[in-house]
Amino acid sequence: MKVGGAQAIAALAFGTKLIRAVDKIIGPGNMYVTEAKRQFFGFVDIDMLAGPTELVIIVPRLVSCRPVILIRDCRP
């Protein structure tokens with residue numbers, strides 16, 4: 001399933017039938033994503049209110065718990 005934008009922020013904050021709610025939302029976004037993060041702050045933790053940028057996220061693998069580096073260039 002692919003989701004994005006402000007709708008994804010809402011889905012991650014509250015959960016849906018197919019998407020589990022999360023504890024924290026991080027990452028860049030356009031003005032609509034930033035506004036959604038601002039409005040949902042308190043229901044879910046956020047990193048900060050920021051605009052589009054380059055992003056590096058380090059997440060643990062579920063099986064081995066070794067960090068995996070995901071790099072995405074978010075420039076248009």
Side-chain angles (χ1 to χ4, degrees):
M1 168 180 285
K2 282 182 140 180
V3 295
Q7 300 88 338
I9 301 298
L12 292 169
F14 295 110
T16 69
K17 289 181 181 179
L18 300 176
I19 299 172
R20 285 189 300 185
V22 299
D23 295 323
K24 186 169 191 167
I25 299 173
I26 62 170
N30 61 26
M31 64 183 183
Y32 302 107
V33 168
T34 301
E35 179 60 20
K37 286 170 70 175
R38 187 190 67 76
Q39 290 189 25
F40 291 125
F41 178 69
F43 295 102
V44 64
D45 193 22
I46 63 168
D47 55 346
M48 61 191 233
L49 299 175
T53 185
E54 293 180 18
L55 178 69
V56 176
I57 303 172
I58 301 175
V59 296
R61 283 185 156 177
L62 296 177
V63 177
S64 67
C65 293
R66 294 183 192 162
V68 174
I69 299 176
L70 304 173
I71 300 174
R72 161 106 185 178
D73 183 357
C74 297
R75 290 177 290 188

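Along the sequence shown, the residues carry numbers beginning at 1.
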Between Asp45 and Phe41, what is the shortest heavy-atom contact and its length?
OD1-CE1, 3.9 Å
Can you give me every donor-acceptor pair (side chain of residues 4-16, partner residue at least two apart or in another chain, under 3.5 Å) with its distance?
{"from": "Thr16", "atom 1": "OG1", "to": "Leu18", "atom 2": "N", "distance (Å)": "3.1"}
{"from": "Thr16", "atom 1": "OG1", "to": "Ile19", "atom 2": "N", "distance (Å)": "2.9"}

Pairs touching residues 12-23 that satisfy salt bridge (Lys or Arg N to Asp or Glu O under 4.0 Å), sequence neighbours left out
none
Across all chains, not counting sequence neighbours, the side-chain contact (heavy atoms from CB on, under 4.5 Å) partners of Glu35 are Arg38, Gln39
Looking only at heavy atoms, the pair that brings Asp47 and Lys37 closest together is OD1-NZ, 2.8 Å
